[in-house]
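Note sheet for the following structure.
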Amino acid sequence: MTRHLLDSADLTPDEMGFLLETALEFKRRPRKLLQGKHLALLFEKPSLRTRVSFQVGMHHLGGETLYLAPQEVGLGEREAIKDVARVLARYVDIVAVRTFGQVIAEEYARFSDIPVVNALTDEQHPCQALADLLTLRERFGDPRGHSLAFIGDGNNVSSSLVVTAASLGMHVRLATPEGYRPPQTVLEEARARADRTGGSFLLTADPDEAAGGAEALYTDTWISMGQEREAEQRRIDFVGYCLDDRLIARAAPGAFVMHDLPAHRGEEITDAAMESVNSIIFDQAENRVWAQVAVVAFLLGLVDAPAS
Ligand code: CP
Ligand code: NVA
């Protein structure tokens with residue numbers, strides 16, 4: 001059966017650990033494992049990191065990419081999703097899709113007999129979370145037993161992050177305003193995985209509680225792509241959630257500062273926090289390259305993965 005990566009929970013904790021080790025190995029010593037393989041990038045939203053990191057990563061490992069911009073395909077408008085999926089499967093070996101609704105990516109995958117990777121939907125951003133954990137893996141050695149606080153919106157980035165970090169045995173804290181929590185399924189998944197791996201998961205509406213003693217602080221935009229009309233209300237609702245010096249002072253000494261980018265300095269994070277010596281934000285961006293080629297090699301069955 002064709003394996004897809006649509007949701008972080010599609011991967012077992014063992015597979016996530018394996019992907020991080022594979023990514024590290026590729027980063028240390030890239031080899032032409034993806035020679036002759038073609039990846040299509042089918043995007044309904046803009047992108048800098050995801051697009052470029054997939055393209056560069058494929059190139060490093062000998063593969064090729066094809067970028068299809070939002071206006072080019074008209075997924076579900078010019079042409080039915082199920083037709084696009086079946087056509088592209090005749091041309092390439094694997095597809096990375098960036099869509100609005102998760103249901104669009106899911107429908108696409110239902111009709112695709114080649115692997116589909118979620119390159120960000122409104123609900124999930126699994127590649128980002130793997131790159132983030134790879135970055136923490138580099139800093140901590142094993143992330144297991146270390147603490148991570150996400151302060152901000154219960155969006156695609158934090159949903160994938162909490163499940164991935166809990167799967168890898170981290171002590172995860174998530175602070176969101178009441179009305180901005182991730183879906184219940186995500187919260188339950190994060191809790192269940194933390195229980196299994198010896199990590200923990202705390203949900204709070206108090207940024208100070210989440211940040212207290214944390215070894216890494218993470219935030220993302222308050223206004224994700226597609227939410228522009230809610231911008232004004234969101235800026236009001238997220239007052240007090242800015243990742244700033246005050247919050248950093250509550251965290252563990254030397255706590256890492258994280259952001260998936262693009263950032264809005266002066267909103268969810270201060271310029272000083274972004275530029276601080278403990279910022280690992282640009283390592284996160286770099287590690288997208290290696291996390292994603294590991295995912296591609298894994299879904300194409302080119303690396304020996306643990307039994308799922
Ligand atoms: N972090 C991230 O996914 O960035 P892009 O939207 O630029 O791809
Ligand atoms: N939450 C953000 C992430 C961008 C990479 C968004 O969806 O716009």
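Here the structure is a predicted model, which is why all the values come from computation and not from measurement.
- The closest side-chain donor-acceptor pair between His259 and Thr219, if any, does not fall under 3.5 angstrom.
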*For the pair Val289 and Phe26, evaluate side-chain contact (heavy atoms from CB on, under 4.5 Å) and give the outcome as yes or no after the intermediate values.*
CA-CA 10 Å; Val289 171; Phe26 287 155; over 6 Å; no

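- In this structure a side-chain-to-backbone donor-acceptor pair under 3.5 Å is missing from Lys37 to Thr65.
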Could you check Leu136 against His146 for side-chain contact (heavy atoms from CB on, under 4.5 Å), going step by step and ending with a plain yes or no? CA-CA 9 Å; Leu136 291 172; His146 291 276; over 6 Å; no

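- When ring centroids are compared, His264 and Trp222 stay outside the 6.0 Å threshold.
- Atom-to-atom distance recorded for Leu134:CG and Glu21:CD is 9.0 Å, nearest 0.5 angstrom.
- Of all non-hydrogen atoms in Ala96 and Phe43, the two that sit nearest each other are O-CE1, 3.8 Å.
- Counting heavy atoms from C-beta on, the side chains of Asp122 and Lys45 come closer than 4.5 Å.
- Between the side chains of Thr135 and Asn287, at least one donor-acceptor pair of N or O atoms lies under 3.5 Å.
- Between the CG atom of Leu130 and the CD atom of Glu15 there is a distance of 11.0 Å, given to the nearest 0.5 Å.
- Using a 3.5 Å distance cut-off with no hydrogens or angles, the side chains of Ser53 and Gln292 do pair a donor with an acceptor.
- For the atom pair CG (Leu42) and OH (Tyr108), the distance works out to 5.5 Å, reported to the nearest 0.5 Å.
- Leu66 and Leu39 sit in two unconnected hydrophobic clusters of ILVMFWY residues. Membership requires side-chain heavy atoms under 4.5 Å apart, directly or through other members.
- Nearest heavy atoms, Asp10 versus Arg3: O-NH2, 2.9 Å.
- Side-chain contact between Thr221 and Gln227: absent, with no pair of heavy atoms (C-beta onward) separated by less than 4.5 Å.
- In summary, of the residues considered (Val162, Leu217, Leu161), a side-chain contact (heavy atoms from CB on, under 4.5 Å) with Leu148 occurs for Leu161 alone.
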- Message: Gln284 vs Gln128, test: side-chain contact (heavy atoms from CB on, under 4.5 Å). Steps then yes/no.
- Response: CA-CA 8 Å; Gln284 293 174 254; Gln128 179 70 54; 4.1 Å; yes

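- Looking at Asn155, its side chain does come within 3.5 Å of a backbone N or O of Ser158 through a donor-acceptor pair.
- Connection of Leu88 to Val296 is not established within any shared hydrophobic cluster, with ILVMFWY side chains joined at heavy-atom distances below 4.5 Å, either directly or through further cluster members.
- The backbone N or O of Gly212 lies less than 3.5 Å from a partner atom in the side chain of Arg173, making a donor-acceptor pair.
- Side-chain contact between Glu189 and Asp7: absent, with no pair of heavy atoms (C-beta onward) separated by less than 4.5 Å.
- Distance alone, capped at 3.5 Å, is enough to place a donor-acceptor pair between the Arg193 side chain and the Ala9 backbone.
- Counting all heavy atoms, side chain and backbone alike, Ala23 lies closest to Ala294 at N-CB, 3.8 Å.
- Atom CG of residue Leu20 and atom CG of residue Leu168 lie 5.5 Å apart, to the nearest 0.5 angstrom.
- Judged by distance alone, the side chain of Ser160 and the main-chain N or O of His125 form a donor-acceptor pair under 3.5 Å.
- Both Leu299 and Phe18 are assigned to one and the same hydrophobic cluster, defined by single-linkage of ILVMFWY side chains at heavy-atom distances under 4.5 Å.
- In this structure, Asp271 and Arg265 approach most closely via the heavy-atom pair OD1-NE, 2.6 Å.
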Tell me which donor-acceptor pairs under 3.5 Å the side chains of residues 110-118 have, and how far apart each pair is, sequence neighbours excluded?
residue : atom : partner : partner atom : Å
Ser112  : OG   : Ile114  : N            : 3.3
Ser112  : OG   : Ile114  : O            : 2.7
Asn118  : OD1  : Leu120  : N            : 2.6
Asn118  : OD1  : Thr121  : N            : 3.2
Asn118  : ND2  : Leu6    : O            : 2.7
Asn118  : ND2  : Gln102  : OE1          : 3.4
Asn118  : ND2  : Thr121  : OG1          : 3.4

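- Residues Pro182 and Leu174 have side chains in contact (heavy-atom distance under 4.5 Å, counting atoms from C-beta outward).
- Nearest heavy-atom pair, Thr197 versus Ala166, reported as atom, atom and distance to 0.1 Å: OG1-O, 2.7 Å.
- When all heavy atoms of His171 and Gly198 are compared, the closest pair comes out as CE1-O, 3.7 Å.
- To the nearest 0.5 Å, atoms CG (Leu33) and OG1 (Thr22) are separated by 10.0 Å.
- Side-chain atoms of Asp153 and Asp220, non-hydrogen and from C-beta on, never get closer than 4.5 Å to each other.
- Enclosure of atom CD in Gln71 by more than 12 non-hydrogen atoms of other residues, nucleotides or ligands within 6.0 angstrom is indicated.
- Clustering ILVMFWY residues whenever any of their side-chain heavy atoms sit less than 4.5 angstrom apart, transitively, puts Phe282 in a cluster other than the one holding Phe54.
- A donor and an acceptor atom, one from each side chain of Thr176 and Arg181, are nowhere located under 3.5 Å apart.
- Although no hydrogens or angles enter the test, the distance criterion places a donor-acceptor pair under 3.5 Å between the side chain of Gln124 and the main chain of Ser8.
- With Tyr67 as the aromatic partner, Arg51 meets the cation-pi criteria of under 6.0 angstrom to the ring centre and within 45 degrees of the ring axis.
- Side-chain contact check for Ile223 versus Arg235: some heavy-atom pair is nearer than 4.5 Å.
- Considering only heavy atoms from C-beta on, Leu261 stays 4.5 Å or farther from Leu48 through its side chain.
- Here the straight-line distance linking atom CG of Leu11 with atom CZ of Phe298 works out to 6.0 Å at 0.5 Å rounding.
- Taking a cutoff of 4.0 Å between a charged side-chain nitrogen and a carboxylate oxygen, Lys27 and Glu138 qualify as a salt bridge.
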**Item:** Residue pair Leu61, Trp290: steps toward the side-chain contact (heavy atoms from CB on, under 4.5 Å) verdict
**Value:** CA-CA 10 Å; Leu61 268 64; Trp290 305 108; 4.1 Å; yes

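- There is no path of hydrophobic side-chain contacts, each under 4.5 Å, that joins Phe100 to Leu68.
- Under a 3.5 Å cut-off, the side chain of Arg98 and the backbone N or O of Pro46 do form a donor-acceptor pair.
- With a 4.5 Å cut-off on side-chain heavy atoms, Met58 and His38 do not count as touching.
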Could you walk me through whether Arg234 and Glu267 pass the salt bridge (charged side-chain N to carboxylate O under 4.0 Å, His left out) check?
CA-CA 11 Å; Arg234 284 175 166 266; Glu267 277 193 19; over 6 Å; no

Handout entry: side chain to side chain donor-acceptor pair (under 3.5 Å) between Glu44 and Thr99, worked out
Key = CA-CA 5 Å; Glu44 284 191 320; Thr99 62; 4.7 Å; no

